[in-house]
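Report on the following structure.
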Amino acid sequence: MTRRYNFCAGPAALPTPVLERAREEMLDYRGHGLSVMEMSHRSPEFEAIAGAAEANLRTLLQIPDNYRVLFMQGGATMQFACVPLNLLGGGGTPNYLDTGIWSGKAIKEADHLAGSHLAATSRASGYVDVPRNDAIALSADAAYLHYCHNETIGGLAYDYTPDVAVPLVCDMSSSILSTPLDVSRYGVIYAGAQKNIGPAGLTLVIVRDDLLGQALPRTPSLLDWKVYADNASMINTPPTYAWYLAGLVFEWLRDDVGGIEAMATINRRKAATLYGAIDASDFYSNPIAPVNRSLMNVPFVLADEALNNTFLDEAEAAGLLNLKGHRSVGGMRASLYNAVTEQAVDALVAFMGDFERRHG
Ligand SMILES: *Cc1c(COP(=O)(O)O)cnc(C)c1O
């Protein structure tokens, strides 16, 4: 068996030790004689799995006691709707920061449901940087401020946490668990699982408890955060296997990696290696302002676009998968999520150097 290096933006690489553990436990979960996939979500065995996953996540991110952790489905995209539906019961206008494609999609959904106010945008720069805090202009009746911490497609990340007088709501789908996080700065944090948490099908929501119970009356119960909070995220059948695998990823982060600080050190090293190689060459380039370069998603283009397909074909032959950029931006993108090893990044950089020597 050869596991190749996977730079996919999502569903993304999972840690090999996690998959090995899942394989060991596949047919007989710890002597229960069943696969986790076959268990009732109401069984004591699954309740233990679910509870341990939440406890470990709370420890990893030091989530304060006045925050609830919800395990939902529907992806981050469903949260684009859940955010206005759950936060506008007391009136007010949704406020948004626009830094590219994912924040733009969240804005579009808010507009569809309730209308929105654009508090700041980096559109004028071509989304190569983020609005500074002093450029954020909230509407007088702002209900919350939403932003996307890491624009997965643009490869753009905030280098600061916005400081505003209304609840801060953040899409952290592609950066959660990659660096330390001060949860207390936020009202709501959400993330689809398939980047840094586990397999697709699970979505995490971390919400401050005073923000629960403010849903618009028309909110379907399956989109209502409070219904999840009141029912231990088991209002209906949750994505049990994805929840279990997320729990294994949290254990891996704690036990094998040594926590989020240790993970961040590795992630910074990986990103420095790849950006360093890009910056040292005239053959590859990345357009993002250095302070806003994403640690997780590194888009880059070749000086000669005619070589794109050759690059991708040769990369694949060298065991480096999923380097094609998003269809909306073209070029290449290497996603360096937690499960992507330093060895994988070293192999990519060596390949890029070799490709440049042969084609540059
Ligand atoms: C992947 C991604 C999404 C969409 O996630 P789905 O789970 O497919 O809905 C939203 N926001 C960001 C920042 C993402 O990276």
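A quick note: this is a predicted structure, and the numbers were derived from the prediction, not measured. All values below were derived from every heavy atom in this structure, side-chain atoms included, with hydrogens, water molecules and symmetry-related copies excluded.
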Side chains of [X] and [Y], donor plus acceptor under 3.5 Å:
X: Glu151; Y: Ser103; answer: yes
X: Asn322; Y: Asn6; answer: yes
X: Asn267; Y: Tyr337; answer: no
X: Asp209; Y: Asn66; answer: no
X: Asn196; Y: Ser178; answer: no
X: Thr16; Y: Arg3; answer: yes

Do the non-hydrogen side-chain atoms of Arg333 and His326 ever get within less than 4.5 Å of each other? yes
Mind running salt bridge (Lys or Arg N to Asp or Glu O under 4.0 Å) on Asp159 and Arg132 for me, showing each step along the way? CA-CA 10 Å; Asp159 55 312; Arg132 302 317 303 173; 3.0 Å; yes
Test salt bridge (Lys or Arg N to Asp or Glu O under 4.0 Å) on Glu342 and Arg269; report intermediate values, then the result. CA-CA 8 Å; Glu342 297 195 82; Arg269 229 164 28 218; 2.8 Å; yes
Minimum heavy-atom distance between Ala119 and Leu97, given as atom pair plus value: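 Heavy-atom minimum between the residues: CB-CD2, 4.0 Å.
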List the atom of Ile288, the atom of Arg293, and the distance in Å for their closest heavy-atom pair. O-NE, 3.4 Å
Ring pair (Phe, Tyr, Trp, His ring centres under 6.0 Å) test vs Phe46 passes for just one of Tyr244, Tyr241, Trp243, namely Trp243
So, are Lys226 and Asp224 salt-bridged, with charged N and O less than 4.0 Å apart? no
Do Lys105 and Asp171 meet the salt-bridge criterion of a basic N to acidic O distance under 4.0 Å?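 No.
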Does Glu45 form a salt bridge (Lys or Arg N to Asp or Glu O under 4.0 Å) with Arg30? I'd like the steps, not just the answer. CA-CA 10 Å; Glu45 295 80 18; Arg30 302 183 197 178; over 6 Å; no
Is the gap between the ring centers of Phe355 and Tyr284 under 6.0 Å?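 That pair fails the under 6.0 Å test.
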Tyr96 and His146: aromatic ring centres closer than 6.0 Å? yes
Look only at the side chain of Glu54 and the backbone of Gly51, and say whether a donor-acceptor pair between them is shorter than 3.5 Å.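 Such a contact is absent between Glu54 side chain and Gly51 backbone.
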Is the positively charged end of Lys195 above the ring of Trp102, judged by distance under 6.0 angstrom from the centroid and angle within 45° of the axis?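 The answer is yes; both the distance and angle limits are met.
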Where does the angle between the aromatic ring planes of His149 and Tyr147 fall among parallel (under 30°), tilted (30 to 60°) and perpendicular (over 60°)?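 Ring orientation of His149 relative to Tyr147: perpendicular.
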